Amino acid sequence: MNNMIYNPSEIETKWRKWWEEKGTYKFNKNSNKPKFYNLVMFSYPSGNKLHIGHWYNYGPADTFARYKRLKGFNVFEPMGFDAFGLPAENYAIKHGIHPAISTRNNIEYMEKQLKAIGAMYDWDYEIDTSDPKYYKWTQWVFLKMYEMGLAYQKEAPVNWCPHCQTVLANEQVTADGECERCGTKVIKRNLKQWFFKITDYADRLLEGLERINWPEKTKIMQRNWIGRSEGAMIEFPVKDKDLKLTVFTTRPDTIFGVTYCVVAPEHSIVSKLTTDAQRNEVEKYINKTLTENEIERQSTEHEKTGVFTGSYAINPVNGEEIPIWISDYVIASYGTGMVMAVPAHDTRDFAFAKKFNLPIKIVIQPENVTIDSKSMSDAYTEPGIMINSGDFNGISSIDFKKRIVDYFEEKGIGKRHINYRLRDWLISRQRYWGAPIPIVHCPKCGTVPVPVDDLPVKLPENVDFNPKGKSPLASVPEFMNVKCPKCGGDAERDPDTMDTFVCSSWYYLRYPDPHIDDYPFNKEMVDKLLPVDQYIGGAEHATMHLLYARFVTKMLYDAGEIQFDEPFTNLFHQGTITRNGAKMSKSRGNVVNPDEFVEKYGSDTFRMYMMFMGSYEEGGDWDDKGINGIHRFLSRIYRLYKTYYFTEGKTKEESKSLKKRLHYTIKSVETDTERFSFNTSIARMMEFVNDAYDYVKKEINTEFLQNTLDKFLIVLSPYAPHLAEELWHFTGKESSIFDEEWPKYDEDILKEEKISLAVQINGKLRTTVEIDINSNESDVKELILKNERVLHYTTGKTIKKFIYIKGKIANIVVV
RNA sequence: GCGAAAGUGGCGGAACUGGCAGACGCGCUGGAUUUAGGAUCCAGUGGGGUUACCCAUGGGGGUUCAAGUCCCCCCUUUCGCACCA
């Protein structure tokens with residue numbers, strides 16, 4: 001056996017075993033080093049096992065954690081499984097394997113794969129959200145919500161997937177109106193569901209974004225998702241009827257320009273508004289919109305449709321009678337489900353008015369041009385001067401906007417209002433594989449929460465989970481029939497389970513003490529370890545998991561359970577790895593199977609190649625041959641140590657250039673690792689190794705070389721943990737390299753005395769000159785003007801200008 | 001349609017607050033070593049041109065001594081949002 005050949009599989013199993021035996025990665029609760037909670041988004045135990053996306057999340061994140069450890073932090077890096085959810089249940093329906101079993105099997109397999117990454121996970125802190133010991137406390141979170149008045153039941157139109165036979169959250173419906181999981185067209189259906197009142201926290205969810213270091217992109221998405229808009233609620237009495245239309249508008253300044261009102265077709269007020277003459281047509285229209293799917297209906301390109309109800313509303317500011325229409329361009333679930341229409345100043349109303357020949361009344365004139373309602377081709381939505389607006393003519397629309405709401409409030413017509421696009425969080429799922437909702441429905445007492453002492457409400461195992469349009473649990477009498485906790489009479493459990501996003505909304509609190517049995521989390525440990533210092537995971541969770549987790553944290557903060565209200569101080573989204581420029585997918589047949597490459601090259605090479613491919617933020621394109629480069633690099637390191645570390649040197653002289661290279665490498669890898677620029681970090685290490693080979697070919701100072709290589713090995717270790725540990729021990733050390741300290745670089749060594757200065761003539765590089773960094777401008781100028789190459793360009797010409805930027809560049813302008 | 005990010009060799013990608021474009025790697029070419037293959041090592045590698053030259057960071061303008069980087073217009077791609085009143 002040639003020991004000059006880098007054999008990763010041998011090395012890697014050896015050191016993983018050693019680390020486990022020595023407890024290298026056991027988290028020390030009592031350490032007095034500063035804490036660092038490094039968290040990755042836990043994984044869903046699917047039959048597809050760990051894919052490259054997982055690796056790309058976990059490998060580099062572990063490198064970061066190891067780096068932090070070497071920098072002197074007490075790093076907490078846990079791992080677990082988000083084990084409830086639809087796919088396991090769908091799998092069960094198809095193959096007849098109980099979700100509990102398939103989940104268990106998948107977890108076991110994935111644990112093995114996760115261990116192969118060689119990350120510093122301390123498995124004593126593992127979480128499985130489908131474990132009754134865990135979901136007991138997910139139910140506790142529900143009860144907290146209930147106690148805080150933030151959980152309520154409501155009959156509401158919900159997204160229904162006919163294939164999965166379940167309700168979906170808005171976020172689980174794709175832009176095309178399809179089920180995120182199975183691609184079936186989603187329809188609307190009315191059901192009584194549990195909601196969490198996230199809308200109560202809208203403003204605080206916005207405010208908190210100012211205090212956290214998250215990607216701007218993600219913050220913008222959350223802000224848009226919350227969609228705060230300021231405006232007014234205005235009441236329009238209905239002519240000859242004891243009814244009022246309440247509309248929300250952000251443009252109260254256009255109130256005099258209202259020429260009709262529109263109500264969403266599914267709004268309950270519609271039947272009351274419809275006159276006998278119009279009833280037939282209105283009902284036809286409503287039926288038509290109900291069968292249309294959401295995308296067609298909500299598309300901007302969608303031709304405006306609508307029907308007159310026969311009723312008229314009265315504009316409260318001028319008493320004008322205006323027709324009330326119904327149209328599907330008004331969304332029932334936003335605002336009040338009805339709007340005042342100002343075609344002159346709103347593009348959508350304009351299109352509608354044009355189509356149905358409704359009047360257009362201009363109330364705002366731009367300052368420099370005059371617009372006319374007959375000739376205008378689009379609505380005018382900018383500010384201007386008020387006209388046709390009674391006593392308010394002549395003032396600017398911006399001032400008017402501020403004043404009109406006060407006027408409304410004085411007259412009792414309307415009031416200031418802030419509206420949000422954010423909807424309450426629908427958490428009921430009519431599925432089996434989730435945490436049961438801890439509520440009992442009692443004919444006498446109504447909805448009664450299950451007392452905390454009776455938790456968990458255990459998910460029964462013997463259940464027929466084939467879809468039948470209602471929750472599988474509803475057909476399990478042993479589960480359903482229960483005594484009311486309040487009156488002791490016969491009652492029924494809630495048959496629904498919770499959205500898995502509830503499970504993942506608080507898991508980071510559980511990690512620090514996942515086995516605690518009398519409380520969801522260990523308060524002392526949570527105070528010590530939270531908030532999470534670095535959270536790393538996919539951008540696809542921007543408006544779901546990441547918003548829910550923030551909400552739950554704020555709720556628990558208000559409940560006095562925790563002392564911080566933002567869970568993740570720093571957030572980073574890793575990019576996506578493509579292959580041949582395309583997203584990996586089974587249908588394209590371009591999926592990289594990590595196991596295959598890990599087996600061939602080892603996990604150090606695999607992890608490092610992923611980090612080298614491109615920027616961590618943007619991802620990169622996988623190349624089957626590209627991985628060779630990293631494999632060669634690690635082999636080169638292996639041979640370097642094996643061949644030269646113990647070579648008898650013949651000189652006492654140190655190499656200034658290699659020393660400088662080392663310090664430059666330490667500094668670069670440090671700053672690049674801090675900013676997740678792993679690819680450049682690796683490039684710097686490659687440069688070091690190239691220089692080290694140049695050095696060992698010359699006369700060696702053994703002590704100097706050993707010193708240099710020891711330090712480099714520590715720098716390498718977060719990136720190639722197994723190899724670094726192997727070589728560390730090869731050089732004679734007994735303890736783990738991960739118990740070392742990150743080497744310090746010396747700024748003085750990095751300072752250059754002599755530099756090669758670029759010399760440009762008319763902005764074009766013509767030559768370089770060696771100068772002393774400290775030489776003054778006149779000396780540099782004198783030297784440059786004497787230079788042969790420079791003379792070639794300057795003789796016979798006039799030097800108009802000489803520019804010297806110290807230590808950077810010189811530019812001579814000649815004519 | 002709105003919002004955000006990005007467009008650099010054959011390929012993946014570097015380039016900090018404007019200052020030597022193409023670091024590092026893949027691939028390729030030539031050479032050394034080897035029975036051969038592989039591995040390794042050395043040299044070269046943006047394009048053009050007969051050697052001290054010209055052209056090049058999606059396209060077109062501009063600012064500047066100097067632009068991949070700043071400003072304006074346009075094109076393309078990716079990702080969010082999508083009649084939110």
Side-chain angles (χ1 to χ4, degrees), chain A residues 2 4-5 175 215-218 220-221 223-225 227-229 231 247-251 254 262 295 297-302 304 327-331 333-342 345-349 351-352 419-423 539-540 542-543 575-576 578 580-581 583 609 612-615 617-630 632-633 635-636 639 671 675 677 679-687 689-690 693 697 756-768 788-789 792-793 800-805 807-814:
Chain A
N2 189 339
M4 279 301 157
I5 289 170
E216 209 40 54
K217 191 176 79 175
T218 307
I220 289 167
M221 272 197 241
R223 283 191 199 107
N224 291 343
W225 193 262
R228 182 183 201 271
S229 51
V247 303
F248 172 72
T249 181
T250 53
R251 294 296 305 275
T254 61
V262 193
I295 359 112
R297 196 183 141 177
Q298 302 223 326
S299 151
T300 325
E301 270 92 84
H302 185 50
K304 294 275 186 293
S327 171
D328 62 4
Y329 84 92
V330 172
I331 300 163
S333 53
Y334 182 75
T336 57
M338 34 182 112
V339 301
M340 61 180 220
V342 187
H345 306 291
D346 181 281
T347 46
R348 299 149 303 180
D349 298 343
F352 192 80
N419 211 40
Y420 300 91
R421 296 177 57 177
L422 183 70
R423 315 291 158 86
E540 67 276 15
T543 49
T576 338
T578 55
N580 308 323
K583 220 175 217 163
Y609 176 54
F612 186 61
M613 267 184 334
S615 89
E617 206 168 356
E618 281 159 42
D621 199 58
W622 179 274
D623 176 2
D624 284 359
K625 282 185 185 142
I627 193 170
N628 270 325
I630 295 292
R632 277 201 276 259
F633 172 55
S635 307
R636 247 160 90 76
R639 287 194 307 272
T671 51
R675 62 188 181 107
S677 183
N679 52 339
T680 51
S681 196
I682 293 168
R684 298 294 88 78
M685 290 193 260
M686 288 172 167
E687 284 164 359
V689 172
N690 290 343
Y693 266 101
K697 277 168 201 152
S756 116
L757 183 81
V759 179
Q760 296 182 333
I761 287 144
N762 288 342
K764 282 186 175 151
L765 180 75
R766 294 305 179 188
T767 189
T768 57
E788 208 185 314
R789 286 276 298 152
H792 177 255
Y793 288 93
K800 258 185 86 182
K801 209 170 182 183
F802 181 89
I803 296 144
Y804 174 60
I805 309 295
K808 283 196 170 157
I809 207 157
N811 193 5
I812 305 163
V813 185
V814 296

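Reminder, nothing fancy here: chain letters follow the sequence lines and each chain counts from 1. Since the structure is predicted, the reported quantities are computational estimates derived from the model, not experimental observations.
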Enquirer: With A:R421, which residues qualify under salt bridge (Lys or Arg N to Asp or Glu O under 4.0 Å), at least two apart?
Expert: none
Enquirer: Taking only the side-chain nitrogens and oxygens of A:R639, find out if one of them lies under 4.0 Å from OP1 or OP2 of B:C41.
Expert: yes
Enquirer: Taking only side-chain N and O atoms of A:K764, does any of them lie within less than 4.0 angstrom of OP1 or OP2 on B:C55?
Expert: yes
Enquirer: Show me the dot-bracket string of RNA chain B, counting Watson-Crick or G-U pairs under 3.5 Å, with | for pairs to another strand and [ ] for crossing ones.
Expert: (((((((..(((......[....)))((((((.......))))))(((....)))..(((((..]....))))))))))))....
Enquirer: Which whole-number value in Å describes the distance from A:Y693 OH to B:A43 C1'?
Expert: 19 Å
Enquirer: Can you check B:G10 for me, syn or anti if syn means within 90° of 0?
Expert: anti
Enquirer: What nucleotide among B:A52, B:C83, B:A15 has an atom nearest to a side-chain atom of A:R675?
Expert: B:A15
Enquirer: What is the distance, rounded to the nearest whole Å, between atom CZ of A:R223 and atom P of B:A4?
Expert: 13 Å
Enquirer: Taking only N and O in the side chain of A:R421, is any of them less than 4.0 Å away from OP1 or OP2 of B:A82?
Expert: yes
Enquirer: Got a sec, which residues hit salt bridge (Lys or Arg N to Asp or Glu O under 4.0 Å) with A:E788, two or more places apart in sequence or on another chain?
Expert: none
Enquirer: Run the side-chain hydrogen bond (donor to acceptor under 3.5 Å, both in side chains) test against A:T578 and tell me which residues pass, sequence neighbours left out.
Expert: A:D621
Enquirer: In whole angstrom, what separates A:W225's CH2 from B:G3's P?
Expert: 20 Å
Enquirer: It should be established whether A:Y334 places a side-chain nitrogen or oxygen under 4.0 Å from OP1 or OP2 of nucleotide B:A85.
Expert: yes
Enquirer: Just jot down the ring-ring contact (aromatic ring centres under 6.0 Å, His included) partners of A:F612, sequence neighbours excluded, or say none.
Expert: none
Enquirer: Is any side-chain N or O of A:K217 closer than 4.0 Å to OP1 or OP2 of B:A4?
Expert: no
Enquirer: What string of B, S and - do you get for nucleotides 18-28 of chain B, 5' to 3', if B is base contact, S is sugar-phosphate-only contact and - is no contact with any protein heavy atom under 4.0 Å?
Expert: -BB--BBSSS-
Enquirer: Applying a 4.0 Å non-hydrogen cut-off, can you work out what A:S333 is touching in the nucleic acid: base, sugar-phosphate, or nothing?
Expert: nothing
Enquirer: With heavy atoms under 4.0 Å as the rule, sort A:K800 into base, sugar-phosphate or nothing.
Expert: nothing
Enquirer: Without swapping roles, check the side chain of A:N419 against the backbone of A:S229 for a donor-acceptor pair under 3.5 Å.
Expert: no
Enquirer: I'd like the P distance from B:C16 over to B:G68, given in whole Å.
Expert: 12 Å
Enquirer: A:M221: which residues meet the side chain to side chain contact (heavy atoms under 4.5 Å, CB included) condition with it, sequence neighbours left out?
Expert: A:K217, A:A542, A:T543
Enquirer: Under the side chain to side chain contact (heavy atoms under 4.5 Å, CB included) rule, collect the residues that match up with A:T680, sequence neighbours excluded.
Expert: A:D672, A:R675, A:S677, A:R684
Enquirer: With sequence neighbours left out, write down each residue that passes ring-ring contact (aromatic ring centres under 6.0 Å, His included) with A:F352, or none if nothing qualifies.
Expert: A:Y260, A:W325, A:Y329, A:F356
Enquirer: Can you give me the closest heavy-atom contact between A:V247 and A:V339, atom names plus distance?
Expert: CG1-C, 3.6 Å
